[in-house]
Amino acid sequence: MTPHLRFAPSPTGYLHFGNLRTAVLNYLFAMKNGGSFLLRLDDTDQERSSEAFAEQIRDDLRWLGFAWDREAKQSERTARYEEAAAKLKAAGRLYPCYETPEELERRRKRQLASGRPPIYDRAALKLTEAERARLQEEGRVAHWRFRLDNSSDAAGAPRPTTVAWDDLIRGAQTVDLGSLSDPVLIRADGTFLYTFTSVVDDIDFAITHVIRGEDHVTNTGVQIDLFRALGAAPPVFAHHALLTASGDLKMSKRSGDMALKSSRNLEPMAVASYVALIGTSDAIEPLRSMQELAGRLDLSHVSTAAARFDLQELKALNARYLHATPYCEVADRLAALGVGGGDAFWTAVRGNITVLDEAADWWTVVHGTIAPTIEDAEFLGTAAGLLPAEPWGETTWSEWTNAVKSATGAKGRALFHPLRLALTARESGPELKALLPLIGRDKALSRLAGEAS
Ligand code: GLU
């Protein structure tokens with residue numbers, strides 16, 4: 001059986017690393033198992049959803065290297081939801097309710113005060129036709145609740161009723177439908193709620209596996225009941241723990257903190273590897289393609305404990321990724337940054353950058369103008385006098401520094417550090433063995449003399 005997966009963001013904000021993790025796990029699962037992948041935009045909340053957010057989500061996913069087989073928008077599927085709702089109504093599983101929020105709140109408080117669980121008491125199920133007609137005459141408009149399959153007779157009091165599934169991450173799971181209120185599926189204004197639309201979509205798009213955050217575990221109990229009420233077998237579920245942000249940052253789509261769009265200076269595969277492997281028992285490594293990463297995916301290795309997202313850790317992974325990146329993979333982007341020097345320059349600097357843009361700083365150090373840092377002019381003067389004649393190559397640095405060492409007696413840091421400061425104006429950086437020939441004799445002489453060049 002071909003697996004069909006989906007990622008279903010609501011376009012009401014930016015993708016952040018938390019929901020990106022959900023996206024990546026679904027995508028990799030589909031890829032690993034030869035399945036299909038649907039991007040579904042859960043835009044039933046018309047007020048908060050926007051096409052601009054939807055486009056940003058698509059753009060973020062494309063940047064990461066996603067290619068989806070299909071896209072669907074819930075706002076375009078109302079007719080299907082109407083049909084499914086009609087089916088549930090005909091079966092007596094969707095019933096009209098007329099309580100106002102205030103009435104429900106009063107009831108809830110009474111229940112709590114008398115030590116009863118605050119679940120909806122199904123009063124509306126007991127209304128007669130005449131009572132309904134009267135409420136409608138009063139101007140009340142129905143909202144519709146799904147009667148959970150948790151009692152022996154239609155309007156009966158809920159009884160403990162276990163819904164069970166074998167979760168690919170959490171193992172055997174149960175939800176007691178008897179402890180839940182019948183959920184509202186259609187609001188009084190006729191709009192549908194996610195609990196319902198998601199199930200109709202999952203049925204219509206033949207979704208076989210749903211990987212999502214553990215904040216949906218209770219929903220899953222309800223949705224499994226809905227799948228059955230609609231005559232469909234539920235998909236396989238996997239619920240991962242949520243990512244928490246470190247420090248004061250917030251993992252929320254309304255706080256821009258963790259938005260992917262502000263991390264576009266990172267390498268897509270470093271980001272994908274990080275979100276796929278964080279919170280698993282596997283080592284976090286930067287893999288070089290989605291295929292390779294998919295090969296690593298094993299949902300049974302995903303931890304049920306919350307994983308902490310750490311931007312510094314991600315940046316370190318990005319650096320590791322760049323260190324192993326061949327020139328041909330970044331040639332175009334380097335050119336766009338105004339960085340030349342081909343393979344030799346890239347190989348010299350890639351071990352010292354965290355993000356690709358930093359290559360441009362080293363390009364300036366090598367070919368642009370910098371103000372050298374002079375610690376000991378006399379020492380540098382001696383060193384300048386010993387600079388070998390060109391052409392320069394791989395051994396120039398050691399020939400030169402050996403000569404400086406013999407002439408001055410300086411060694412170790414006392415020998416190398418002043419030279420580095422003069423030649424690059426930086427405390428640390430790529431190996432001077434590689435940089436010196438790129439800087440060239442003229443520039444080196446000027447810098448050793450303390451001239452900006
Ligand atoms: N739009 C829902 C969310 O973002 C989708 C959840 C699901 O995968 O079913 O939480």
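Note: hydrogens, waters and symmetry copies are ignored here, and every other heavy atom, side chains too, is used. Atoms within a ligand are numbered from 1 in the order they appear, just like the ligands themselves.
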#### Entry: Between OG1 on residue Thr22 and CG on residue Leu15, distance to nearest 0.5 Å
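That separation rounds to 10.0 Å.
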### Message
Suppose we screen for ring pair (Phe, Tyr, Trp, His ring centres under 6.0 Å). Which residues come up paired with Phe66, at least two apart in sequence or across chains?
### Response
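Per chain and number, Phe66 pairs via ring pair (Phe, Tyr, Trp, His ring centres under 6.0 Å) with Tyr27, Phe37.
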### Task
State which residues pass ring pair (Phe, Tyr, Trp, His ring centres under 6.0 Å) with Phe345; sequence neighbours excluded, sorted by chain then number.
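With neighbours one apart ignored, the set is Trp363.
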Hey, which atoms in ligand 1 end up nearer than 4.0 Å to a heavy atom of [X]?
X      : result
Arg212 : 7 (C), 8 (O), 9 (O)
Ser10  : 1 (N)
Ser198 : 9 (O)
His216 : 3 (C), 6 (C), 10 (O)
Asp42  : 1 (N), 2 (C), 5 (C)

### Message
Out of the candidates Asp43, Asp201, Asp42, only one should pair with Arg77 under the salt bridge (charged side-chain N to carboxylate O under 4.0 Å, His left out) rule; please name it.
### Response
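The residue from Asp43, Asp201, Asp42 that satisfies salt bridge (charged side-chain N to carboxylate O under 4.0 Å, His left out) with Arg77 turns out to be Asp201.
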### Message
Does the Lys NZ or Arg CZ of Arg6 fall within the cation-pi geometry relative to Phe205 - under 6.0 Å from the ring centre and within 45° of the axis?
### Response
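Because its charged atom misses either the 6.0 Å distance or the 45° angle limit, Arg6 does not stack over Phe205.
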### Arg426 charged N/C atom sitting above Trp362 aromatic ring, 6.0 Å / 45°
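Flagged: Arg426 positioned over aromatic ring of Trp362.
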### Query
Do ligand 1 and Ala8 have nitrogen or oxygen atoms that lie under 3.5 Å from each other?
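Looking only at distances, the answer is yes, because the N/O contact criterion of under 3.5 Å is met.
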### Query
Going by distance only, is there an N or O of Tyr194 that falls short of 3.5 Å from an N or O of ligand 1?
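It does: an N or O of Tyr194 is found under 3.5 Å from an N or O of ligand 1.
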### Task
Could you establish whether Arg6 and ligand 1 come within less than 4.0 Å of each other, counting only heavy atoms on the residue side?
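Per 4.0 Å heavy-atom rule, Arg6 contacts ligand 1.
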